[in-house]
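In each ligand, atom 1 is the first atom listed, and ligand 1 is the first ligand listed.
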Amino acid sequence: MIELQGVWKTFSVGPVKVPALSDVSFRVTRGEFVVLTGPSGAGKTTLLRLLYREDVPSEGEISVLGQELNSARRREVAALRRSIGIVFQDSKLLPGRTVYENIAFVLRVTGTQRSEITARVFDALRAVGLSARAQAYPAQLSQGEAQRAALARAIVRRPTLLLADEPTGNIDDAMAAEIHDVIKDIWVSGTTVLFATHQARLATLLKRRTLVLEGGRLVKDQG
Ligand SMILES: Nc1ncnc2c1ncn2[C@@H]1O[C@H](COP(=O)(O)OP(=O)(O)O)[C@@H](O)[C@H]1O
Ligand SMILES: [Mg+2]
């Protein structure tokens, strides 16, 4: 499902080289729920970006969903991304479109049939408990609702893998708990989940396998 072998990522900031990931290796098998934690600046976002090929490693091998990323062609990268759902700290909803349109959009761009789009969008909205808000605009949503809409958009193509980068970093505890429940439901329905959070307490609360990054090194893998 996911395999990293000796992965390094170094950023050049002027003359200075900053190692964001140092010799990271691990495997995630299909169906796992893995929490990726560590303090701010530990390399969590950098690692996730490598997994959906938004960036490339300085050294090392990565394979995701059976696709070796170093040798992946553009078409293969596009296919890989269609199988990955991603959510960020910010919902990144398009402000001028309704919730429904925000979610339908990702199906339209890949040419899904019109008749199937409605059914799929409402399936996704139901999965996140947001059916009643389909016609709302992002500005009318609470932050928790906006994140649930972002989750609906992430799962509407029925991804094999969900990557979540601090999806509850901006919202209060009660709403965050709802989001965690939704992500657990998505996992239970068969999607592999990699959930990044700097909140160590949350990692414990989720009671799943936890990878800990510190200064770009994988220092713990437990559970
Ligand atoms: N594009 C970039 N250019 C330079 N340094 C970067 C860049 N992206 C990340 N970094 C550095 O890499 C390290 C890891 O960052 P990041 O992956 O964002 O950590 P986290 O998500 O765990 O907070 C930090 O030191 C950060 O400043
Ligand atoms: Mg981050």
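At a 3.5 angstrom cut-off on N or O pairs, V18 does not count as close to ligand 1. Of the polar atoms of A42, at least one N or O is found under 3.5 Å from an N or O of ligand 1, judged by distance alone. Residue G41 places at least one N or O, backbone or side chain, under 3.5 Å from an N or O of ligand 1.
The backbone N or O of G6 lies less than 3.5 Å from no partner atom in the side chain of E59, so there is not a single donor-acceptor pair. The closest donor-acceptor contact from the side chain of W187 to the backbone of G31 lies under 3.5 Å. Side-chain atoms of R153 do not come within 3.5 Å of backbone N or O of N102 as any donor-acceptor pair.
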Please test L202 against T168 for side chain to side chain contact (heavy atoms under 4.5 Å, CB included), starting from the C-alpha separation and ending with a verdict. CA-CA 10 Å; L202 176 57; T168 52; 4.0 Å; yes

Walk me through it: do R126 and D123 pass the test salt bridge (Lys or Arg N to Asp or Glu O under 4.0 Å)? CA-CA 5 Å; R126 211 171 303 121; D123 277 352; 3.1 Å; yes

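Closest non-hydrogen pair, L141 versus A136, comes out as CD2-CB, 3.9 Å. Closest of all the heavy-atom pairs between K184 and F33 is CG-CE1, 4.1 Å.
Here the heavy atom of the protein found nearest to atom 16 (P) of ligand 1 is T46 OG1, 3.7 Å. The nearest protein atom to atom 18 (O) of ligand 1, hydrogens excluded, is given as T45 CB, 3.7 Å; this is a heavy-atom distance. The shortest contact between atom 9 (C) of ligand 1 and any protein heavy atom is with F11 CE1, 3.4 Å. Given atom 22 (O) of ligand 1, the protein heavy atom at minimum distance is K44 NZ, 2.7 Å.
Heavy-atom contacts of A20 reach the following atoms of ligand 1: 12 (O), 13 (C) (cutoff under 4.0 Å). For ligand 1 and V13, the ligand atoms under 4.0 Å from any heavy atom of the residue are 4 (C). The atoms of ligand 1 that sit less than 4.0 Å from any heavy atom of P39 are 22 (O).
One option in G215, G38, G43, G216 has a heavy atom closer to atom 19 (O) of ligand 1 than any other, and that option is G43.
Put simply, T46 stays out of reach of the Mg ion (ligand 2), with no N, O or S atom under 2.8 Å from it.
Under the 4.0 Å distance rule, the nearest protein heavy atom to atom 27 (O) of ligand 1 falls outside the cut-off.
In this structure, S40 is part of the shell of residues with a heavy atom less than 4.0 angstrom from ligand 1.
Between D221 and R209 there is a salt bridge, since a side-chain N of the basic residue sits under 4.0 Å from a carboxylate O of the acidic one.
Scored by the ring-ring contact (aromatic ring centres under 6.0 Å, His included) test, H180 finds F195 as partners (sequence neighbours excluded).
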